[in-house]
Amino acid sequence: MALWRAYQRALAAHPWKVQVLTAAHPRRCPDNTCVPCIGSLMGLGDIISQQLVERRGLQEHQRGRTLTMMSLGCGFVGPVVGGWYKVLDRFIPGTTKVDALKKMILDQGAFAPCFLGCFLPLVGALNGLSAKDNWAKLQRDYPDALITNYYLWPAVQLANFYLVPLHYRLAVVQCVAVIWNSYLSWKAHRL
């Protein structure tokens, strides 16, 4: 908790510097809070995937792949997920247990399947897969990725929607998501 309070104080005192150091977008939300970019955490997830899961070693580490994941985090995942949380909070205002449950059901029932269905082919396209190969890879990997999503995210999102203020939700989720990003990177780059 002390680390979290220190982060909040630093963000209030030096928003731009803290955002740069945490790879956050240098723009502000309408409610004057930062929109975190998850690029660095997506990159960390890829590093964990390559080094701990795939055991590539430093000599075989694919730096371009890590940069691709970081770019996806900053340019796609961060803005899309951050925007989704704002839409979800407008659609279902409130922070009661019932509101949190409704948000989690909508998040996991509608958003998660669509998000994975966009993310996996986007990675394939950035890795140079043909449309045919990308479609075959999506058909192979999507069901497993979605099922794995449901093992982790419903509980995390229920707590997130019930306990965490809107402007911190993406940051909290992305701290948990380092492991998820490792899985996604492995899944998306497995040929």
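In what follows, residues are counted from 1 in the order of the sequence shown.
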Does some side-chain heavy atom of [Y] sit less than 4.5 Å from a side-chain heavy atom of [X]?
X: K137; Y: P121; result: no
X: W153; Y: V173; result: yes
X: M70; Y: M42; result: no
X: N181; Y: L44; result: no
X: M69; Y: S49; result: no
X: D99; Y: T95; result: no
X: P113; Y: L146; result: yes
X: F161; Y: L101; result: no

Self-check item: Any donor-acceptor pair under 3.5 Å from Q51 side chain to G57 backbone
Solution: yes
Self-check item: Under 3.5 Å: donor-acceptor pair, side chain of N134, backbone of L129
Solution: no
Self-check item: Results of side-chain contact (heavy atoms from CB on, under 4.5 Å) for D89 - residues two or more places apart only
Solution: K103, L166, R169
Exercise. Output all residues satisfying side-chain contact (heavy atoms from CB on, under 4.5 Å) with K102, sequence neighbours left out; order by chain, then residue number.
Key: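 Result, side-chain contact (heavy atoms from CB on, under 4.5 Å) vs K102: I92, V98.
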Taking all non-hydrogen atoms of both residues, which atom of [X] and which atom of [Y] are closest, and how far apart?
X: V123; Y: A188; value: CG1-CB, 3.5 Å
X: W180; Y: A145; value: CH2-O, 3.6 Å
X: D144; Y: Y183; value: OD2-OH, 3.2 Å
X: R63; Y: L58; value: NH2-O, 4.2 Å
X: M104; Y: P154; value: CG-O, 3.4 Å

Self-check item: Pairs flagged by ring-ring contact (aromatic ring centres under 6.0 Å, His included) wherever residues 131-150 is involved - sequence neighbours left out
Solution: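 Applying ring-ring contact (aromatic ring centres under 6.0 Å, His included) to every pair that reaches into residues 131-150, excluding sequence neighbours, yields nothing.
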Practice problem: Could you verify whether a donor N or O on one side chain and an acceptor N or O on the other, from W84 and D107, lie under 3.5 Å apart? | Solution: yes
Practice problem: Verify whether one side chain among D46 and Q62 offers a donor that lies under 3.5 Å from an acceptor in the other. | Solution: no
Quiz prompt | Gap separating the CG atom of D141 from the CG atom of L184, nearest 0.5 angstrom | solution = 10.5 Å
Self-check item: Distance (rounded to the nearest 0.5 Å) between Q157 CD and F111 CZ
Solution: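 Answer for the CD-CZ pair, Q157 versus F111, is 9.0 Å.
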Quiz item: Are the charged groups of R55 and E60 less than 4.0 angstrom apart, N to O?
Solution: no
Quiz prompt | Hydrophobic cluster membership, I179 vs V77, 4.5 Å side-chain cutoff | solution =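 Shared cluster, no.
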Quiz item: Are I105 and L88 connected, step by step, through hydrophobic side chains (Ile, Leu, Val, Met, Phe, Trp, Tyr) whose heavy atoms are closer than 4.5 Å?
Solution: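 In one cluster: yes.
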Quiz item: Which residues satisfy the ring-ring contact (aromatic ring centres under 6.0 Å, His included) test with F76, sequence neighbours excluded?
Solution: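 ring-ring contact (aromatic ring centres under 6.0 Å, His included) check on F76 returns F115.
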Quiz item: Is Y151 isolated, or which residues cluster with it under the ILVMFWY side-chain rule of less than 4.5 Å, directly or via members?
Solution: I147
Exercise. Could you check L120, D133, L116 and say which one makes a side chain to side chain contact (heavy atoms under 4.5 Å, CB included) with L138?
Key: L120
Quiz prompt | Summary of side chain to side chain donor-acceptor pair (under 3.5 Å) pairs that have at least one residue in residues 114-127, sequence neighbours excluded | solution = N127-H189
